[in-house]
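Chain identifiers are assigned alphabetically (A, B, ...) following the order of the sequence lines, protein sequences preceding nucleic acid strands; residue numbering begins at 1 within each chain. Worth saying up front: this structure is predicted, and the values here are computed from it rather than measured. Scope of the values below: all heavy atoms of this structure, side chains included, with no hydrogens, waters or symmetry mates.
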Protein chains: 2
Amino acid sequence: MGDGALPLKKVKPNAEKRQADEPWKAFQVRHRSMEVKRDAVMKTAAHLFLEHGYQKTSMSLLAARLKVTKPALYYYFRNKEEILVECYRSGIAEIEGSLGRLNPDAGSAMARLKIYVHEYATVVLTHEFGRCVAMIDDSELSAQTRRGVRNLKRKIDASVRSLVADGMLDGSIAMCNPKLVSFAIAGAINWAGTWYKPSGELSSGQIAQAFTDILTGGLRPKSSKTRKRTIPS
Amino acid sequence: MGDGALPLKKVKPNAEKRQADEPWKAFQVRHRSMEVKRDAVMKTAAHLFLEHGYQKTSMSLLAARLKVTKPALYYYFRNKEEILVECYRSGIAEIEGSLGRLNPDAGSAMARLKIYVHEYATVVLTHEFGRCVAMIDDSELSAQTRRGVRNLKRKIDASVRSLVADGMLDGSIAMCNPKLVSFAIAGAINWAGTWYKPSGELSSGQIAQAFTDILTGGLRPKSSKTRKRTIPS
DNA sequence: ATCCTATTCTACCGGCCGTTCAAATAGATA
DNA sequence: TATCTATTTGAACGGCCGGTAGAATAGGAT
């Protein structure tokens, strides 16, 4: 945390790595690609948004954290809202990635659902932009921007629902309302984002596993063709 | 709706009932018990908080909805925060009521847990103050007030955990981490508060039932009925 | 050394916020 | 009717916000 004066003009070779932990260093050098600095802004903003909430995070504070002045931010983003939207986009892309990686040919739908729930929890607990998707209410956004973001979220929801529906067809998941199942999963995990602390006694992996069990355990068919040695009632 | 000029000075006999739907009528008459007007403020505030968020709900807007001017509110509450805190208190009391009504002598812990989950969902979906507890982030509060509110919430959480622990003892609930179960339940249901619309296709009762099934289904012991055995070493 | 332009800064705007206080008012009381 | 007090109001406060205009500057290119 020692923020001693650094009169450096040239970046050191390991600056790229440093930037991961101290995003403001991206601004130490004047000429650097737009993308790098946008990333630095987003990353810092995400942390502040998650810590204090979107509304209570002022552009001045964000600028201060990046060791720049406020107007500099407006060189990289049109306004505060755009920063949040980009955080959302990034987080949603991450989650969609998890969904896309599920191989439809491998295992039952239930097996795939379990993998997804586990991955979703991991992203929401450990990935800053994933956390934004889970925790920051999109009602902070203007009407039309919100519509865009919600469409993206809806796509994820739709994928999960169809996963559940598939499971009901292949017998790996009990009869249920896929919409409500999808919401229950999203809710329980998103909520975990609000209380999980990396320094806490439970690791993100433990939480992801436990939630996978709790949330998919209730979906086991009570008796079905794909059972492996179930108890005769 | 039609807010025509109402030069009434006296309330009509059915005013008490009307006030339920139109809280501002509590302020139509100057001399009325403090409690009635405080309730009116809280009720209206809760609706606004839930609709626009706490931060974005201004005291001016709240006053306007109650057809009073801003300073009048400060006659009934010290500040904005106190209004939110009272909403919390009321909601938490409602939830604690549900927990208190569970008869420890009747049925298994699992049966009681199911009842509680159902009731919690109902409160969070239908009761305005319950919704506040579920939806409004208490980080909006000042540090010391927040501590008080969190203590109250923790009591609820502790009750649910011990309910789950009881279930593991009486064999009605499978081995699990009570803390995570409690969080999963709270999360899934609190989240429902964010998307549930009374006018939607799903009734609060349907949602409460489905969530009870999904969330407690995964807790069924995998083998055997009620066995009084403790943890098999 | 000079220029050029991408980047950052200084200084400021209008607006809304929560809150306060003294003055006005309504309505119960006598 | 006149009085007294619980309620309500008008007017204003300091403060911080998101955002902008335009000047300053750094640093690569020549």
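One can place CZ of B/F27 at 11 Å from P of D/dT7, the figure rounded to the nearest angstrom. Taking atom NZ on A/K70 and atom C1' on C/dT7, their separation rounds to 18 Å, with Å as the unit. Look at CE on A/M34: it is 9 Å from C1' on C/dT7, rounded to the nearest Å.
OP1 or OP2 of D/dT8 lies within a sub-4.0 Å distance of a side-chain N or O belonging to B/K37.
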May I have the list of side-chain donor-acceptor pairs in residues 182-196 of chain A shorter than 3.5 Å, sequence neighbours left out?
residue, atom, partner, partner atom, Å
A/S182, OG, A/D157, OD1, 2.4
A/N190, OD1, A/Y120, OH, 2.6
A/N190, ND2, A/A186, O, 3.2
A/T194, OG1, A/W191, O, 2.5

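Legend: residues meeting side chain to side chain donor-acceptor pair (under 3.5 Å) with B/E86, ordered by chain and number and at least two apart, are absent. The ring-ring contact (aromatic ring centres under 6.0 Å, His included) search around B/F129 returns B/H127, not counting sequence neighbours. Under the side chain to side chain donor-acceptor pair (under 3.5 Å) criterion, B/D137 pairs with B/S139, not counting sequence neighbours. Scanning for side chain to side chain donor-acceptor pair (under 3.5 Å) contacts around A/K153 gives A/D138, with sequence neighbours left out.
Within a heavy-atom distance below 4.0 Å of DNA chain D, the residues of residues 74-90 of chain B found are B/Y75, B/Y76. At a non-hydrogen distance threshold of 4.0 Å, B/T57, B/S58, B/M59 from residues 46-66 of chain B come into contact with DNA chain C.
The side chain of A/P71 sits closest to D/dA21 out of D/dT9, D/dA21, D/dT7.
Contacts classified as ring-ring contact (aromatic ring centres under 6.0 Å, His included) and involving residues 137-165 of chain A (residues at least two apart or in different chains) are not found. Legend: ring-ring contact (aromatic ring centres under 6.0 Å, His included) pairs involving residues 65-84 of chain B, not counting sequence neighbours, sorted by first then second residue: B/F27-B/Y76.
Electrostatic pairing of B/R101 and B/E119 counts as a salt bridge here, judged by a charged N lying under 4.0 Å from a carboxylate O.
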